[in-house]
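Shown next, in structure tokens, is the structure this report addresses.
For the single chain, residues carry numbers from 1 onward in sequence order. All values below were derived from every heavy atom in this structure, side-chain atoms included, with hydrogens, water molecules and symmetry-related copies excluded.
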Amino acid sequence: MKPGAFFPKLQELAQDYEKIQDFLNLHPPLDRNTLQSELQRLTKSCEDLNASMNDYICSGRSPAVSALAEIQKNYYLSVKNMAEKQLPLYIRSACNSPQEALEEARALYAEYAIDFARQSINYALLSVLAAMDPQIICKE
């Protein structure tokens, strides 16, 4: 496996990272309409990715692809449920109002999502290096 085989996926990852940076560094800050529009666009994008997981599950190239897609889909649905429904309930007792609990839950989840993204990047690098290792051994 050539290192360049992963380049398209890394480009997508770089573009997504740049989007996050752009939103966090906006001057002036986003207005409510722009924020709502972007939330709707990203929600649709996440739903589309989740639907594509269904395609991989049902008609993946191999049982391994199907199994990985199913794990990813289940993870997405579990985290979405936790973030939207359960997390505010955990936090509510420490806050003065349900709105504060929701705001705290969203901030906590955002921090978690960033940590998870960092972990995912490290796992991706680990996977790429592990995929390259047998070929390097063969060449040596």
Side-chain angles (χ1 to χ4, degrees):
M1 170 144 310
K2 295 180 181 179
F6 300 107
F7 188 74
K9 289 290 183 188
L10 291 174
Q11 285 294 102
E12 291 174 357
L13 183 62
Q15 290 170 354
D16 290 342
Y17 176 75
E18 284 179 26
K19 283 182 205 170
I20 292 171
Q21 287 287 83
D22 289 346
F23 277 106
L24 294 177
N25 293 320
L26 279 179
H27 300 287
L30 287 175
D31 61 79
R32 177 104 170 124
N33 288 335
T34 304
L35 177 65
Q36 289 298 315
S37 175
E38 189 59 24
L39 280 169
Q40 288 175 353
R41 188 189 68 74
L42 284 170
T43 299
K44 175 145 179 29
S45 177
C46 287
E47 289 171 357
D48 289 348
L49 284 171
N50 196 42
S52 70
M53 287 298 117
N54 283 332
D55 293 342
Y56 288 129
I57 291 167
C58 296
S59 59
R61 296 182 306 224
S62 73
V65 171
S66 296
L68 288 169
E70 188 165 14
I71 290 168
Q72 189 170 352
K73 178 187 171 200
N74 290 338
Y75 172 81
Y76 168 77
L77 293 174
S78 295
V79 170
K80 182 179 179 196
N81 180 54
M82 171 58 112
E84 292 175 356
K85 296 180 181 149
Q86 297 172 4
L87 200 53
L89 297 175
Y90 286 122
I91 293 173
R92 186 165 292 161
S93 64
C95 296
N96 294 329
S97 71
Q99 183 61 32
E100 277 185 346
L102 183 60
E103 290 170 12
E104 181 68 23
R106 286 178 175 168
L108 178 64
Y109 179 68
E111 188 174 336
Y112 163 80
I114 292 169
D115 288 342
F116 184 77
R118 290 182 62 216
Q119 183 182 35
S120 294
I121 288 170
N122 284 325
Y123 285 152
L125 177 58
L126 181 65
S127 298
V128 168
L129 294 176
M132 293 168 54
D133 186 47
Q135 293 171 3
I136 292 171
I137 291 171
C138 288
K139 286 181 182 179
E140 291 177 353

Can you measure from [atom1] ([X]) to [atom2] ([Y]) and round to the nearest 0.5 angstrom?
| X | Y | atom1 | atom2 | result |
| --- | --- | --- | --- | --- |
| D16 | Q21 | CG | CD | 12.5 Å |
| R32 | L39 | CZ | CG | 8.5 Å |
| I20 | Q15 | CD1 | CD | 12.5 Å |
| K80 | E84 | NZ | CD | 5.0 Å |
| I121 | L126 | CD1 | CG | 13.5 Å |

Check this for me, if you would: do D22 and K19 make a salt bridge, where the nitrogen-to-carboxylate-oxygen distance has to be below 4.0 angstrom?
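No salt bridge links D22 with K19.
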
Counting only heavy atoms not in E111, do more than 12 fall under 6.0 Å of its CD?
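Not more than 12 within 6.0 Å, no.
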
Between Q99 and E103, do the side chains contain an N or O donor and an N or O acceptor separated by less than 3.5 Å?
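Yes, E103 and Q99 have a side-chain donor paired with an acceptor closer than 3.5 Å.
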
When you measure from the side chain of S45 to the backbone N and O of R41, does any donor-acceptor pair fall under 3.5 Å?
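Checking the backbone N and O of R41 against the side chain of S45, no donor-acceptor pair under 3.5 Å is found.
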
With sequence neighbours excluded, what pairs up with N54 under the side chain to side chain donor-acceptor pair (under 3.5 Å) test?
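Scan of N54 (side chain to side chain donor-acceptor pair (under 3.5 Å), adjacent residues dropped) gives K73.
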
Can you name the residues that form a side chain to side chain donor-acceptor pair (under 3.5 Å) with Q72, not counting sequence neighbours?
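Checked Q72 against side chain to side chain donor-acceptor pair (under 3.5 Å); zero matches.
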
Considering residues at least two apart in sequence or located in another chain, which fulfil the salt bridge (Lys or Arg N to Asp or Glu O under 4.0 Å) criterion with K44?
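With neighbours one apart ignored, the set is D48.
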
Determine, step by step, whether L13 and K9 satisfy the side-chain contact (heavy atoms from CB on, under 4.5 Å) criterion, reporting the C-alpha distance in whole Å, the side-chain angles of both residues, the deciding distance to 0.1 Å, and the verdict.
CA-CA 6 Å; L13 183 62; K9 289 290 183 188; over 6 Å; no

Should L87 and V79 be regarded as members of a common hydrophobic cluster, given that ILVMFWY residues are connected when their side-chain heavy atoms come within less than 4.5 Å of each other, either directly or indirectly?
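Yes: a chain of side-chain contacts under 4.5 Å links L87 to V79.
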
Side-chain heavy atoms nearer than 4.5 Å, only ILVMFWY residues, links allowed to pass through others: does that put I71 and M53 together?
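Shared cluster, no.
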
Closest heavy-atom contact between S66 and I57?
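Nearest pair, atom of S66 first, then I57: OG-O, 3.2 Å.
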
When Ile, Leu, Val, Met, Phe, Trp and Tyr are grouped by side-chain heavy atoms lying under 4.5 Å apart, directly or through other members, which residues fall in the same group as L77?
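ILVMFWY cluster around L77 also holds Y76.
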
Using links of under 4.5 Å between side-chain heavy atoms of ILVMFWY residues, direct or through other members, which residues join L125 in one cluster?
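Grouped by the 4.5 Å side-chain rule, L129 form the rest of the cluster around L125.
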
Anything under 3.5 Å between a donor and an acceptor, one on a side chain of residues 112-120, the other on a protein residue two or more places apart or in another chain? List them.
residue: Y112; atom: OH; partner: Y75; partner atom: OH; Å: 2.5
residue: Q119; atom: NE2; partner: Y123; partner atom: OH; Å: 3.1
residue: S120; atom: OG; partner: F116; partner atom: O; Å: 3.0

